[in-house]
Amino acid sequence: MSMFSTGILVLTSPLHTLPLRIAPVLSSAAQLVDCTLYVHLHPGLNLGGGSQPRPVFIPPVVDLSALITRLYSNAADVCGHLDVRVLLTNVRAQSAACSGTMTPNCPFPTPQSLSHSPEVVLTDFALQDPGQSHQVTQCLQRYTGHCYVCSPSLPSVLLHPQLTRLQEKEEGLKDPEEKEEPLETYTDVVVGGTFDRLHGAHKTLLNISCLLASRRFLIGVCDQAMLKKKVLKELIEPYSLRVQRLQEFLQDTKPSLQVEIVPLDDPFGVSIIDPQLQCIVVSEETRKGGEAVNKKRLENGLPALVLHEIQLLKDAHHTETEEEKISSSSLRSRLLGTLLIPPKDASHLPPLPYVIGLTGGSGSGKSSIARQLEAFGAVRIDCDKLGHEVYQPGAAGYHRVLEEFGSDILNEDKTINRRALGRKVFGNQERLKALTDIVWPEIALLVKNRVSQARDEGKEVCVVDAAVLLEASWTDLVHEVWVSIIPEEEAVLRITERDGVTTEDAVRRLESQWSSSKQVEHANVVLSTLWEPEVTRKQVLKAWNLLQKRIHQRQEGQ
């Protein structure tokens, strides 16, 4: 069956049986939908009755909160590629539902627009009689059209997960007649976090917060000051993009809520001064942060917030270097070695050899990555060595350097004393630019010659190992830019151990270079040598294999 980009899954199974059914239902849905899957909850909905069912309000209960957690956990395990979003427009306490101008017990006075237009509607509704199929799909189609803006000809599909073998397990579940425990709700709820690349754990936090909030939902999103200690912080999405994705998700999830998103520059933000807040949602690992918020609120003469704790979601796919929970840092680490942005147009370059420009700050492990790529078959072009060639007597650069800086920089054997030359340009941006204006173009010519030589030898890939690749604007020499990054404190440690310099000198050296964040802005591929060598080797191998696929696809397309 053809795949759809976006679908709505209408779950009709009774609430007490859904936990066991979610995984097979999601697995079935993932065979039809490949981007966004909205989940609409209506336990007990009868699509096979004589009359057309209407959406009604579902009260927030504790089991519903547990179900949402289970749903996002299962989604991460069985369909991690899907953007799953649980919709809560029809979840509200009856007393709140009947107030105001809204039609009593009707959550959709008009169909709700979703940020991604649905192309198919799916359901777990089980047919009592195969002859019902046409009637049920039509009923499902009309029901969905009543709730959400979608095409009148929206295809509807009945999913048939293997529910029969679940029946024995379901017999041991809670008695469906047992009264559901209501979930305590609050007018104003607050959460805080980084919210980088919204994943299942984020969505669980947001959905449960939406369940708890009846009026306003306040979200503090970590800004620059709060990101400094994050793993692979260079790969964190910009604040504006994270906010935009939050707004879109929440508008889909519960459009009736008043959502406020503010930058978080310290661990507390406005949570310690806003008198209207009643509840803060935390996890097991952030509970202490919630307690610290309450301590500050009491100091400020404000009542303590109710701490509503949600469970962490386990990451079934985590590696030995990643956290056991679903986390943004793990997702960022999985981006290492992958293509983050498509290569720019390089039609001015010959298709082969395919040239990778590899750069990174001092101590980043750039050259060790270059050597690994060389071992895989790439031709390594070491720009540091080429720089030495530029200074050799008889080279064009040699004579121009002498003309610019004088003969007092020469050793007795007429070679350039690079220490003496360094003293003339150190701390003087104008003199440094005069030197790089001479040296960098000469190195670029040597790079072109090495690439041309590799082409004559029939080589497929060249790696230009260049610390100043971006500063020197050598990107027009390469097809892709790869950047190696590590935290600054780790770079300082490596530089001091490797070069025997002081911490202050190491910091100054790093400050004279482009920051990792600035380099990553220009990167097609990012790598990191922060972990054990074997972890780096796996990253580089992944990057190499994906590169081979790109090269071959490129050749097939020409």
Side-chain angles (χ1 to χ4, degrees), residues 60 62 64-66 68-69 71-73 84-88 91 183-223 225-227 230 236-237 239-297 302-313 325-329 331:
V62 172
L64 188 58
S65 173
I68 288 171
T69 303
L71 194 150
Y72 281 119
S73 179
V84 176
R85 306 183 182 193
V86 179
L87 304 173
L88 300 175
V91 179
L183 187 71
E184 186 73 31
T185 59
Y186 309 90
T187 57
D188 296 68
V189 173
V190 63
V191 300
T194 307
F195 299 103
D196 178 40
R197 294 176 173 81
L198 283 184
H199 51 64
H202 289 141
K203 293 173 182 177
T204 302
L205 173 67
L206 294 169
N207 267 117
I208 291 178
S209 297
C210 286
L211 271 183
L212 297 171
S214 61
R215 186 181 74 91
R216 182 175 65 125
F217 184 20
L218 177 63
I219 308 171
V221 177
C222 294
D223 209 354
M226 293 288 288
L227 303 179
K230 298 287 184 183
I236 294 176
E237 294 172 317
Y239 174 84
S240 58
L241 180 58
R242 286 179 281 138
V243 168
Q244 177 187 329
R245 289 187 172 163
L246 275 172
Q247 289 171 331
E248 179 190 291
F249 179 86
L250 293 168
Q251 180 62 30
D252 279 345
T253 301
K254 193 172 179 180
S256 63
L257 270 186
Q258 176 188 333
V259 174
E260 294 179 22
I261 302 176
V262 296
L264 199 56
D265 297 312
D266 60 57
F268 305 107
V270 296
S271 64
I272 59 173
I273 58 172
D274 189 325
Q276 294 181 311
L277 294 175
Q278 295 180 335
C279 172
I280 184 169
V281 185
V282 297
S283 66
E284 180 184 345
E285 66 175 15
T286 61
R287 186 177 185 88
K288 287 185 177 179
E291 292 169 350
V293 164
N294 275 340
K295 184 179 177 183
K296 289 280 189 182
R297 284 181 67 88
L302 295 174
L305 303 175
V306 174
L307 267 60
H308 184 96
E309 184 175 323
I310 63 170
Q311 68 183 76
L312 296 171
L313 298 194
K325 63 169 186 171
I326 295 176
S327 73
S328 297
S329 59
L331 296 183

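Note that the coordinates shown come from a computational prediction; the quantities given were computed from them, not determined experimentally.
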Which donor-acceptor pairs under 3.5 Å do side chains of residues 287-295 form with protein atoms, sequence neighbours excluded?
residue : atom : partner : partner atom : Å
R287    : NH1  : E309    : OE1          : 2.9
N294    : OD1  : L305    : N            : 2.6
N294    : ND2  : L305    : O            : 3.0

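- Legend: salt bridge (Lys or Arg N to Asp or Glu O under 4.0 Å) pairs involving residues 194-206, not counting sequence neighbours, sorted by first then second residue: D83-K203, D196-R332.
- Applying the side-chain hydrogen bond (donor to acceptor under 3.5 Å, both in side chains) rule to T69 yields no partners; only residues at least two apart in sequence or on another chain are considered.
- With respect to R85, the side-chain hydrogen bond (donor to acceptor under 3.5 Å, both in side chains) criterion is satisfied by exactly one of N207, T253, D252: D252.
- Closest of all the heavy-atom pairs between V84 and L71 is CG1-CD2, 3.7 Å.
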Practice task
Under the side chain to side chain contact (heavy atoms under 4.5 Å, CB included) rule, what do V62 and L183 come out as? Steps first, then yes or no, please.
Solution key: CA-CA 5 Å; V62 172; L183 187 71; 4.2 Å; yes

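- For Q247, the side-chain contact (heavy atoms from CB on, under 4.5 Å) partners at least two apart in sequence or on another chain are V243, I261.
- Between the CZ atom in R245 and the OG atom in S240 there is a gap of 10.0 Å [rounded to 0.5 Å].
- A donor-acceptor pair under 3.5 Å links the side-chain atoms of R297 to the main chain of D274, judged by distance alone.
- Applying the ring-ring contact (aromatic ring centres under 6.0 Å, His included) criterion to H199, with sequence neighbours excluded, gives H202.
- Looking only at distances, no side-chain donor or acceptor of Y72 sits under 3.5 Å from a matching main-chain atom of L205.
- Residues passing the side-chain contact (heavy atoms from CB on, under 4.5 Å) test with Q258 are R215, R216, E260, sequence neighbours excluded.
- In terms of heavy atoms, P263 sits closest to Y239 at N-OH, 3.0 Å.
- Expressed to the nearest 0.5 Å, how far OG1 of T187 lies from CD of Q278 amounts to 3.5 Å.
- The SG atom of C222 lies 9.0 Å from the CG atom of D265; values are rounded to the nearest 0.5 Å.
- Rounding to the nearest 0.5 angstrom, the gap separating the OG atom in S214 from the CG atom in D188 is 7.5 Å.
- In terms of modelled atom types and a separation under 3.5 Å, the side chain of R242 and the main chain of I236 share no donor-acceptor contact.
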### Task
Determine, step by step, whether V281 and L212 satisfy the side chain to side chain contact (heavy atoms under 4.5 Å, CB included) criterion, reporting the C-alpha distance in whole Å, the side-chain angles of both residues, the deciding distance to 0.1 Å, and the verdict.
CA-CA 9 Å; V281 185; L212 297 171; 3.7 Å; yes

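- Rounding to the nearest 0.5 Å places OG of S65 at 3.5 Å from CD1 of I208.
- Distance check, rounded to the nearest 0.5 Å: CG of L88 to CG of L250 gives 10.0 Å.
- The closest donor-acceptor contact from the side chain of K254 to the backbone of C210 lies under 3.5 Å.
- In this structure, E184 and P60 have side chains that are not in contact, with every pair of non-hydrogen atoms separated by 4.5 Å or more.
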Notebook entry, point to check: Does the side chain to side chain contact (heavy atoms under 4.5 Å, CB included) test come out yes or no for T185 and L211, once each step is laid out?
Noted result: CA-CA 7 Å; T185 59; L211 271 183; over 6 Å; no

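- Here the closest heavy-atom approach between residue L313 and residue S73 is recorded as CD1-N, 3.9 Å.
- Under the 4.5 Å side-chain criterion, counting only non-hydrogen atoms from C-beta, L246 is in contact with L206.
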